[in-house]
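Throughout, residue positions are numbered sequentially from 1 according to the sequence presented.
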Amino acid sequence: MPPQQHEQEQDHLLPLLADDREERAYDPTEKVVVIGLDDGDLDNLSTAPPFSWKKLWLFTGPGFLMSIAFLDPGNLEGDLQSGAIAGYSLLWLLLWATAVGLLVQLLSARLGVATGRHLAELCREEYPSWARMVLWVMAELALIGSDIQEVIGSAIAIKILSNGILPLWSGVVITALDCFIFLFLENYGVRKLEAVFAVLIATMALSFAWMFGETKPSGSELLIGILVPKLSSKTIQQAVGVVGCIIMPHNVFLHSALVQSRDIDNNKKGRVQEALRYYSIESTLALVVSFMINLFVTTVFAKGFYGTEQANNIGLVNAGQYLQEKYGGGLFPILYIWGIGLLAAGQSSTITGTYAGQFIMGGFLNLRLKKWLRALITRSCAIVPTIIVALVFDTSEDMLDVLNEWLNVLQSVQIPFALIPLLYLVSQEHIMGTFKIGPVLKVCLIIALFYILL
């Protein structure tokens, strides 16, 4: 091929390719600068600078984006079915699954901060070709399963809020356009995007707290459900669904990339320690909020439908109607409160799903594509099967709810394909340096995960 023709073809490809030779979670110009606040000459120290509320505020964001995976429509489906079928008896599992989920997410953040790489990138670098391809396929399957639930949840909310005028498939199409909203928001910077997600989380919290106040669940039964472990053969599937809802495989990949949105010099031990401290605080706060929201949903349906004939038939599609029949309209109909909360959950989680898909595909395959093209590819992988699901199940509410329930179980099956690489990588000194985890913590995490998965 003549050199001139070769150069012309390269120029033609440049608009689609990113500038860096390797895929990176964030460009240097996109990162939030956090050094320089009340630091003095602390850059030269090997310990973390003193605590600063200003810095905590600047580090706040990635944990709340991560927490949205704990609040997606798949979670709400698991919550309401858990409450309706098992009553308050699985609240202890929700609490411990959230606690273990927090530990996993903190390890994910630790990996991203200490190495400057996210989990998908490190899997590409550290594993042989066949292993990383298996991990990539499993991560994509988990993401597609989660995305189906998220998009369908948004579509159901749109159908509720439009009084049934918009069918399920049209809601799927509307929700599919969120990747372009995501790209639009990204142009205004990371902090603006995080602010939008904060509004969506607040909307969920207010909606489901309102429902909690309207239905007035039993405080004593709630407390017993949290403190006393109880599991029967009749609630095994709901228990597995709760775990699958809380510990989301794609979220492990996502958080290790999100923490790189802050400009951290990972060659300085003090800076890494500082970042890990602030990320630990904000991630804990974010998951406390997510636990409370999940608790609200579970107890509302436990109060209203546990032990009733509707318990085995209730799901995302008909939950609002059942609530309306049970508790009536009131000042603001509970059907629409449910719809607003579900829409906020669906929209926020589909956008973070697009985010996670970009990091997973880009990290495993080292695709140096422009963000709009990566988002389009990622969204297409999930939207095509989702539209098929919407068209097939639009007239069958029961089948759609059963599908959602089994998709939660699928997430549980996929968990080891994200956690085993994470635990392996964070325990390797040549990857983590002084920030590797010790064998005691590793064994404790494996035992806790084994206990939760059983």
Side-chain angles (χ1 to χ4, degrees), residues 25-26 28-71 98-118 185-186 188-206 251-252 254-293 348 351-352 355 426 432 434-435 437 441:
Y26 294 92
T29 56
E30 296 176 320
K31 295 185 177 184
V32 178
V33 178
V34 293
I35 64 173
L37 294 172
D38 306 322
D39 286 348
D41 295 325
L42 290 173
D43 271 342
N44 298 320
L45 298 182
S46 60
T47 57
F51 179 83
S52 165
W53 288 103
K54 290 181 180 179
K55 282 195 175 182
L56 177 60
W57 171 248
L58 289 175
F59 274 102
T60 298
F64 282 90
L65 265 69
M66 169 272 295
S67 74
I68 287 170
F70 290 67
L71 299 169
T98 304
V100 173
L102 173 61
L103 290 177
V104 170
Q105 295 302 330
L106 291 179
L107 285 182
S108 178
R110 188 183 191 91
L111 181 72
V113 172
T115 65
R117 299 282 192 277
H118 58 79
L185 292 174
E186 265 203 320
Y188 289 90
V190 173
R191 297 294 282 172
K192 301 293 191 304
L193 184 65
E194 291 169 349
V196 171
F197 284 112
V199 171
L200 291 171
I201 292 173
T203 301
M204 283 185 269
L206 290 173
N251 207 35
V252 179
L254 176 64
H255 198 202
S256 63
L258 290 175
V259 294
Q260 294 176 45
S261 61
R262 272 54 180 174
D263 189 8
I264 303 163
D265 187 350
N266 59 358
N267 293 316
K268 295 176 180 176
K269 184 178 178 180
R271 290 299 172 193
V272 174
Q273 289 176 330
E274 176 187 48
L276 292 176
R277 176 173 62 187
Y278 290 123
Y279 280 139
S280 297
I281 295 172
E282 68 113 14
S283 296
T284 302
L285 292 174
L287 291 195
V288 167
V289 172
S290 76
F291 172 73
M292 293 304 300
I293 292 174
S348 59
I351 297 175
T352 54
Y355 227 168
V426 296
M432 299 292 293
T434 58
F435 293 98
I437 62 171
L441 177 58

Trainee: Within a strict 4.5 Å, meaning less than it, do heavy atoms of the Glu194 and Pro62 side chains meet?
Mentor: yes
Trainee: How close do Thr60 and Arg191 get, heavy atom to heavy atom, and via which atoms?
Mentor: O-NH1, 2.6 Å
Trainee: Are Ile68 and Tyr355 close enough, and set up right, to give a side chain to side chain contact (heavy atoms under 4.5 Å, CB included), and what steps lead you there?
Mentor: CA-CA 12 Å; Ile68 287 170; Tyr355 227 168; over 6 Å; no
Trainee: When rounded to the nearest 0.5 angstrom, what distance separates CZ in Phe64 from CG in Leu285?
Mentor: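 Rounded to the nearest 0.5 Å, the CZ-CG separation comes to 5.5 Å.
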Trainee: For the residue pair Lys269 and Thr434, what are the closest heavy atoms and their distance?
Mentor: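 Of all heavy-atom pairs spanning Lys269 and Thr434, the closest is CE-OG1, 4.2 Å.
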Trainee: About how many Å separate CZ of Arg271 and CG of Asp265, when rounded to the nearest 0.5 Å?
Mentor: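 Going from CG on Asp265 over to CZ on Arg271, the span is 8.5 Å.
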Trainee: Show the nearest heavy-atom pair for residues Gln260 and Gly116, with the distance to one decimal.
Mentor: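 Nearest pair, atom of Gln260 first, then Gly116: OE1-O, 3.1 Å.
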Trainee: Could you please spell out the steps behind the side chain to side chain contact (heavy atoms under 4.5 Å, CB included) verdict for Ile351 and Phe197?
Mentor: CA-CA 9 Å; Ile351 297 175; Phe197 284 112; 3.5 Å; yes
Trainee: Checking the side chain of Ser290 only, and the main-chain atoms of Leu71 only, is there a donor and an acceptor separated by less than 3.5 Å?
Mentor: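 It does not hold such a pair.
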Trainee: Within this structure, what is the OG1-CE distance for the pair Thr115 and Met432, rounded to the nearest 0.5 Å?
Mentor: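 Nearest 0.5 Å value for the OG1-CE distance: 6.5 Å.
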Trainee: Check whether any side-chain N or O of Tyr279 sits under 3.5 Å from a backbone N or O of Arg110 as a donor-acceptor pair, and report yes or no.
Mentor: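 Between the backbone of Arg110 and the side chain of Tyr279 there is no qualifying donor-acceptor contact (under 3.5 Å).
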Trainee: Under 4.0 Å between a side-chain nitrogen and a carboxylate oxygen: does that hold for Glu274 and Arg277?
Mentor: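 So Glu274 does not pair with Arg277 through a salt bridge.
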Trainee: Which atoms form the tightest heavy-atom contact between Ala114 and Val272, and what is the distance?
Mentor: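 The answer is CA-CG1, 4.2 Å.
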Trainee: Not counting sequence neighbours, which residues clear side-chain contact (heavy atoms from CB on, under 4.5 Å) with Ala109? List them please.
Mentor: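 Ala109 satisfies side-chain contact (heavy atoms from CB on, under 4.5 Å) with His255, Val259 once adjacent residues are dropped.
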Trainee: Going by side-chain contact (heavy atoms from CB on, under 4.5 Å), name the residues that satisfy it together with Leu106, two or more places apart in sequence or in a different chain.
Mentor: Leu102, Ser280, Ser283
Trainee: Under 3.5 Å, is there a donor-acceptor pair between the side chain of Ser67 and the main chain of Leu287?
Mentor: no
Trainee: State the CZ-CG distance between Phe70 and Asn251, to the nearest 0.5 angstrom.
Mentor: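 Those atoms lie 6.0 Å apart.
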Trainee: Closest approach of Leu65 and Thr352, non-hydrogen atoms and distance?
Mentor: O-CG2, 3.9 Å
Trainee: Identify the two heavy atoms, one from Phe291 and one from Thr98, that lie closest to each other, and give their separation to 0.1 Å.
Mentor: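 Heavy atoms only, the tightest pair is CD1-OG1, 3.9 Å.
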Trainee: Considering residues at least two apart in sequence or located in another chain, which fulfil the side-chain contact (heavy atoms from CB on, under 4.5 Å) criterion with Leu206?
Mentor: none
Trainee: Starting at CZ of Phe59, measure out to CZ of Arg262 and round the result to the nearest 0.5 Å.
Mentor: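 If we round to the nearest 0.5 Å, Phe59:CZ and Arg262:CZ are 7.5 Å apart.
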Trainee: Name the one of Trp57, Phe51, Trp53 that satisfies ring-ring contact (aromatic ring centres under 6.0 Å, His included) with Tyr278?
Mentor: Phe51
